[in-house]
Amino acid sequence: MAKTHQELWADCCRFIQDNLTPAQYSAWFGDISSESFVDGKLVLVVKSSFFVDQLEERYQGLLRSAIKKVYGENVKLYYRYRTLNDDPTTTSLQRSTQQSPAILAQVKSQPANPFRDVDQNDFDPQLYPRYTFENYCQSESNIIARTIAESIADNPGQNTFNPLFVFGPSGVGKTHLIQAIGIRIKERNPQARVLYVTARYFQNQYTAAAAKNINSFFHFYQSIDMLIIDDIQDLHNMPGTQNTFFHIFNHLHQHNRKIIMSSDCAPAEMEGFEERLLSRFRWGTSVELFRPDLELRREVLKLKSEQDGLDLPADVSEFIVNNVTQSVREIEGVVGSMLAYATTMNCNIDLPFARRIMSNTVRIKRNEVNFDMLAETIAEHFNISPDLFFSRTRQRDVSDPRQILMYLSKKLAKMSMSAIGSKLGRSHATVIYACNTIEDRLTTDKSLAAAINSIEEKVYAIRR
């Protein structure tokens, strides 16, 4: 007989209890209970979001090990807690951030320093614990890059993709992907000397080393097992730093050490670099990350909102993914902004709220006003068929809406008189007459003015 979710959590707690002092277990796990375990989704009931943050920072490695042992692989962990302590009806569901325990254990180590003993292994690899493959959403826009990155991380001995050069515009996930490689290497081999640096940081270290001890700088970087260098394009027009990096690159490559680089453009498009260095960038594999497609935007939004405990209505989610199209980072920023505003103002997140918040951060994509949009809206307003606009009838209940269509096509759709006439099968002179007639009537005909105002409001609503 299968165990209940409460029995499974009890097994999990026994494993955790065996690895902690009684005081630690009581403080951090004594009050946690299981709400459900369905379809690989485990929901635990905890005290608060602050408790979740502290729990994951201190004991995520132990918790993940216990869950894997009891529940199996690929379990998604969620936390349920009260949003307001004195109101049991207000709860939030927050997904685990799945930070890497291996990296969390080293973030308080000594910073990587080229002027220390090169045999020192206990240094911070400068990897962000959340930039794991598990937190990296996938779609057609990045599947090739992710597959290659995971192949490198899972088979560090192979040299097929060395160096790996990842390029693409800002905000598409380059930094996350290249760090995920280093994190998995560290998780499987904690002694591996993995280091992530930005090109600017490397440049600053080189400048300091040139004034102190350049040999220590060389020896340190030549001792690295995997060097991950971000925004390599920032070394353009820096011949001294490029020359140093050239020799470090050669040493690492010749000794089958791994080199991972990112850039905002492909090696063939880079300027201000020596050709001998560019040729080495092209030695291994170059792979492009594209702008996030709709599938990826939906996945990123879903993951980020779940991790922040934000329950987004379906229409708000669709509004976000249809308007934030350029960058994964922008989507994460929008979710963060909504959470901050909703918490501070204690208000619900609905479509007007989303429009208001996003108007400060992204350009809202609007539908262009066109002839067909106007024809449909005007026909609906006057309760007639749009086909009548193209007929030869001169009945007042059709001719007036037709003249309004000509007038608004010129005003809102910015169409020429000839283009409007061509659409309706009318002459240029007829369109001019219709537009002038409507303009003259608007000064005295209040019902016409009200009708046109109503139609314009409907059109602007469609644009949003």
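In what follows, every heavy atom counts, from backbone to side chain, and hydrogens, waters and symmetry copies are set aside.
- Using bins of under 30°, 30° to 60° and over 60° for the plane-to-plane angle, the ring pair F217/Y221 lands in the tilted bin.
- Between E456 and L412, the closest heavy-atom pair is CG-CD1, 4.0 Å.
- Not counting sequence neighbours, S305 has no partner by the side chain to side chain donor-acceptor pair (under 3.5 Å) test.
- The side-chain contact (heavy atoms from CB on, under 4.5 Å) test applied to N250 returns F246, Q254, R280, W283, not counting sequence neighbours.
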Checklist entry - Which is it for I455 and F382 under the side-chain contact (heavy atoms from CB on, under 4.5 Å) test, yes or no, and what are the steps along the way? => result CA-CA 10 Å; I455 291 166; F382 288 102; 4.0 Å; yes
Next on the checklist: Between L277 and F281, does the side-chain contact (heavy atoms from CB on, under 4.5 Å) criterion hold? Intermediate values first, please.
Outcome noted: CA-CA 6 Å; L277 192 54; F281 292 170; 3.7 Å; yes
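- Not counting sequence neighbours, F161 has no partner by the ring pair (Phe, Tyr, Trp, His ring centres under 6.0 Å) test.
- Checked against side chain to side chain donor-acceptor pair (under 3.5 Å), S141 has the following partners two or more places apart in sequence or in another chain: S139.
- Between L42 and S34, the closest heavy-atom pair is CD1-OG, 4.2 Å.
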Checklist entry - What's the verdict on side-chain contact (heavy atoms from CB on, under 4.5 Å) for L177 and N142, showing C-alpha distance, side-chain angles and the deciding distance? => result CA-CA 10 Å; L177 186 64; N142 62 15; over 6 Å; no
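- Contact record, F273 with Q242: CA-OE1, 3.4 Å, taken as the closest heavy-atom pair.
- Between the side chain of K174 and the backbone N or O of G168, at least one donor-acceptor pair lies under 3.5 Å.
- Of the possible donor and acceptor atoms, none in the side chain of S151 sits under 3.5 Å from a partner among the backbone N and O of T147.
- The side-chain contact (heavy atoms from CB on, under 4.5 Å) search around E376 returns P386, not counting sequence neighbours.
- From L303, atom CG reaches atom CD1 of I331 across 11.0 Å, with rounding to the nearest 0.5 Å.
- E295 and Q138 make their closest contact through OE2-O, 4.1 Å (heavy atoms, listed as atom of the first residue, atom of the second, distance).
- To the nearest 0.5 Å, the span separating CG on L312 from CD on E306 amounts to 10.0 Å.
- For R329, the side chain to side chain donor-acceptor pair (under 3.5 Å) partners at least two apart in sequence or on another chain are S170.
- A distance of 4.5 Å separates CE of M226 from CD1 of I185, quoted to the nearest 0.5 Å.
- Between the K68 side chain and the G72 main chain, no donor and acceptor come within less than 3.5 Å of each other.
- Taken from CE in M373 to CG in L408, the straight-line distance is 12.5 Å, to the nearest 0.5 Å.
- The side chain to side chain donor-acceptor pair (under 3.5 Å) check on Y206 picks up nothing, with sequence neighbours excluded.
- The line from CD1 of I178 to CG of L289 is 10.0 Å long, rounded to the nearest 0.5 Å.
- Residues passing the ring pair (Phe, Tyr, Trp, His ring centres under 6.0 Å) test with F37, sequence neighbours excluded: Y71.
- The only option from D231, T198, D230 that meets the side-chain hydrogen bond (donor to acceptor under 3.5 Å, both in side chains) definition with T175 turns out to be D230.
- Salt-bridge annotation for D39 and K76: absent, with no side-chain N of the basic residue lying under 4.0 Å from a carboxylate O of the acidic one.
- S223 places a side-chain N or O within 3.5 Å of a backbone atom of F220 that can act as its donor or acceptor partner.
- Judged by distance alone, the side chain of K186 and the main-chain N or O of A192 form a donor-acceptor pair under 3.5 Å.
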Item to check | Residues R184, D154; criterion salt bridge (Lys or Arg N to Asp or Glu O under 4.0 Å); working and verdict | outcome: CA-CA 8 Å; R184 182 162 291 179; D154 293 336; 3.2 Å; yes
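- Listed by chain and residue number, P267, E275, L278, S279 satisfy the side-chain contact (heavy atoms from CB on, under 4.5 Å) test with R282 (two or more places apart in sequence, or in another chain).
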Next on the checklist: Assess the residue pair M261 and F249 against the criterion (side-chain contact (heavy atoms from CB on, under 4.5 Å)); give the C-alpha distance rounded to whole Å, side-chain angles, the decisive distance to 0.1 Å, and a yes or no.
Outcome noted: CA-CA 11 Å; M261 294 171 285; F249 182 106; 4.0 Å; yes
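- Nearest heavy-atom pair, F167 versus S286, reported as atom, atom and distance to 0.1 Å: CE2-CB, 4.2 Å.
- In this view, F245 and F202 satisfy the ring pair (Phe, Tyr, Trp, His ring centres under 6.0 Å) rule, not counting sequence neighbours.
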Show me the donor-acceptor pairs, under 3.5 Å and distance only, between side chains in residues 7-16 and residues at least two apart or in other chains.
unit_1: E7; atom_1: OE1; unit_2: T4; atom_2: N; d: 2.9
unit_1: W9; atom_1: NE1; unit_2: I32; atom_2: O; d: 3.2
unit_1: D11; atom_1: OD1; unit_2: R14; atom_2: NH2; d: 2.2
unit_1: D11; atom_1: OD2; unit_2: K3; atom_2: NZ; d: 2.5

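- Here the straight-line distance linking atom CZ of R146 with atom NE2 of H176 works out to 8.0 Å at 0.5 Å rounding.
- Taking Y79 as the reference, nothing meets the ring pair (Phe, Tyr, Trp, His ring centres under 6.0 Å) condition, with sequence neighbours excluded.
- Across all non-hydrogen atoms, the minimal contact from V316 to L351 is CG2-N, 3.7 Å.
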